[in-house]
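Data block below; observations after.
Just so it is clear: chains get the letters A, B, ... in the order the sequence lines come, proteins before strands, and each one is counted from 1. Bear in mind that the values here come from a model prediction, so they are computed numbers and not experimental data.
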Amino acid sequence: MAKQEQVSLTGNEAVAYAFKQARPHVASAFPITPQTEMMHKFADFVANGEVDTEMILVESEHSAMSAAVGAAAAGARVITATSSAGFALMWEIVYVAASLRLPICMALVNRALSGNINIHCDHSDAMGGRDAGWIHLFCESAQEAYDNALMAFRIGEHPDVRLPVMINYDGFIISHTADSLRMLSADDAWKFVGPYKAAYSVLDTENPITVGPLDLTDYYFEHKVGEIEAHKRAFDVVRAVSAQYGALSGRGYDFFESYRLDDAEIAIVLMGSTAGTAKDVVDAHREKGVKAGLLKLRLFRPFPAAELAKALAGKKAVGVMDRAASFGAWGGPLFTEVRSALYGADRQPPVLNWIYGLGGRDCDLRQIDSVLERLADAARGKSGETVNLLGVRL
Amino acid sequence: MAGKMVEIRWHGRGGQGAKTAAIFLAEAVLDRGKYSQGFPEYGPERRGAPMRGYTRIADEPIRRHCGIESPDIVIILDPTLLESAAAGVTAGSRDDTVYLVNTAEQPANIRRRLGLANGKVFTVDATQIALDCFGRSIPNMPMVGALLAATQLLPLDDMKSSLSERFKSKFSQAVIDGNLAAVERAYKEMVRE
């Protein structure tokens with residue numbers, strides 16, 4: 001295992017270091033709110049000559065993603081970062097990046113969308129881009145944000161995948177909180193990430209290619225199938241890259257983390273920083289003799305439905321916590337997917353949903369406690385609402 | 001305080017350095033090989049508006065990512081927040097919660113003003129110390145000095161070396177020296193009940 005330094009960094013700083021260690025050729029960013037300190041820190045690295053990256057400052061987020069697409073089509077390793085409304089403004093080109101199979105790595109600091117105006121954490125921004133064709137990784141802590149940011153390059157750039165990757169971490173809760181983490185040396189990180197050689201480049205005049213042409217009823221569908229198939233192949237790549245990173249760092253990752261889940265009778269499923277809080281609450285319930293567990297999803301796209309169904313098979317009750325609302329839908333986006341994955345599966349458990357933490361509403365120990373209490377009731381056969389709200393003033 | 005997580009809630013007004021202190025204390029603790037979190041309650045960052053900061057300290061990695069509802073220690077950087085409903089300085093306090101208040105008043109007065117029957121109350125005139133030592137009414141670092149006197153979370157010398165090291169890229173040596181002097185004086189002048 002590699003020797004690592006114990007450091008205190010915010011999530012933004014941690015990701016900036018990971019991106020520096022991956023030595024991207026190009027970084028594009030819109031240098032105004034809601035840009036994050038992550039890109040601010042990275043721009044410092046560029047200005048100080050600590051990383052040899054072409055820093056392109058553009059006039060909007062739409063342009064930031066456009067510049068990223070252009071640079072990646074030329075064969076560059078490209079990073080960018082955004083948040084909230086900035087991501088919403090990128091939206092058109094976010095799809096293009098995946099369609100053109102360009103392995104751009106983007107830090108998405110998860111924050112609420114307007115309106116009303118709010119700067120705090122929820123997953124609404126990411127959920128707006130969930131169908132765009134990117135790989136989505138979600139992080140519990142600054143450590144995971146750092147680790148996932150390094151692994152993102154290997155996953156996205158893998159010849160079997162060639163898709164852009166979003167590293168999601170919770171706004172303020174992770175992005176702005178000083179946290180303890182272990183960081184690889186620059187040499188070890190570089191040995192792991194390695195140089196990037198794009199399969200194609202628009203600048204390669206010896207081997208001319210066409211990028212992003214008109215693609216109508218004749219082949220558009222087949223090209224979409226290419227994206228669908230790449231997502232399927234990504235599972236094996238995520239696993240292989242994560243295993244290699246685990247051997248290097250001592251921190252193993254999979255599609256999801258199962259925390260005290262194997263023998264659990266009731267289980268929570270969620271993504272992001274609330275997982276850490278939930279672990280403390282699960283421990284407290286375990287001390288009381290309640291068999292509680294947690295499934296923390298790391299890989300949201302592609303969605304590991306079969307593995308998830310297997311891990312939750314036979315539970316007496318499962319509670320999915322969504323940090324986003326899907327207006328008019330029956331429950332939050334994670335809930336509908338988890339429940340769908342379990343439908344018809346072996347020993348299918350009842351699945352309940354809680355929408356929580358919108359606009360940064362603190363999700364404290366008591367809220368998660370109430371979820372586990374309710375799941376315990378459901379496990380005993382007590383009926384109630386399937387879709388619920390958590391921590392709302394009513 | 002080994003083996004147990006210590007949760008600290010800072011109450012100040014925008015501009016008094018509660019955020020800086022909450023994060024700095026977390027970093028100083030990390031420099032001694034412990035685990036920590038330091039974060040503010042983010043909102044509109046207006047000078048003079050009540051705000052909160054949070055510090056967690058533990059021997060083991062800290063997993064929870066939520067605000068601190070039931071603090072072990074409450075640090076109040078501005079005595080005008082004592083009776084402020086908006087600040088809610090006593091919210092979630094327990095019988096053993098420790099209060100450290102920036103004021104020239106005696107702890108017994110503060111206890112009365114907060115309506116506390118239990119817990120411990122410490123005071124220090126951090127604003128005066130800050131004005132004397134570095135000429136600005138930013139009481140955050142002297143409050144850190146007083147906190148160490150009240151709780152022995154860290155040896156004073158360890159905290160001073162973290163302060164010198166971590167502030168040297170951001171501040172002049174004169175500012176750092178003034179803060180070091182303020183920390184030391186607050187450590188000595190902290191008032192017990």
Would you say the ring centers of A:F42 and A:Y17 fall short of 6.0 Å from each other?
no
Side chain, backbone, both or neither: which part of A:T274 has a non-hydrogen atom closer than 4.5 Å to chain B?
neither
Would the A:F172 and A:H120 ring centres measure less than 6.0 Å apart?
yes
Is it true that B:E7 and B:R64 have a side-chain N and a carboxylate O under 4.0 angstrom from each other?
yes
Chain B contact via A:V7 - side chain, backbone, both or neither, heavy atoms under 4.5 Å:
backbone
I need the residue from B:G38, B:A26, B:A22, B:P61 with the largest number of non-hydrogen atom pairs under 4.5 Å to chain A.
B:G38
With a cut-off of under 6.0 Å to the ring centre and 45° to the axis, is A:K296 in cation-pi contact with A:F256?
no
Per-residue tally against chain A (heavy atom, under 4.5 Å) across B:R63, B:R56, B:E27 peaks at B:R63
Between B:Q152 (side chain) and B:A149 (backbone), is there a donor-acceptor pair under 3.5 Å?
yes
The interface call for A:D362 against chain B, heavy-atom contacts under 4.5 Å, is side chain
Segment of A:I174 engaging chain B (4.5 angstrom heavy-atom cut-off):
side chain
Measure distances from B:E69 to the heavy atoms of chain A and classify the residue's part below 4.5 Å as side chain, backbone, both or neither.
side chain
Parallel, tilted or perpendicular: ring planes of A:H136 versus A:F300, cut at 30 and 60 degrees:
perpendicular
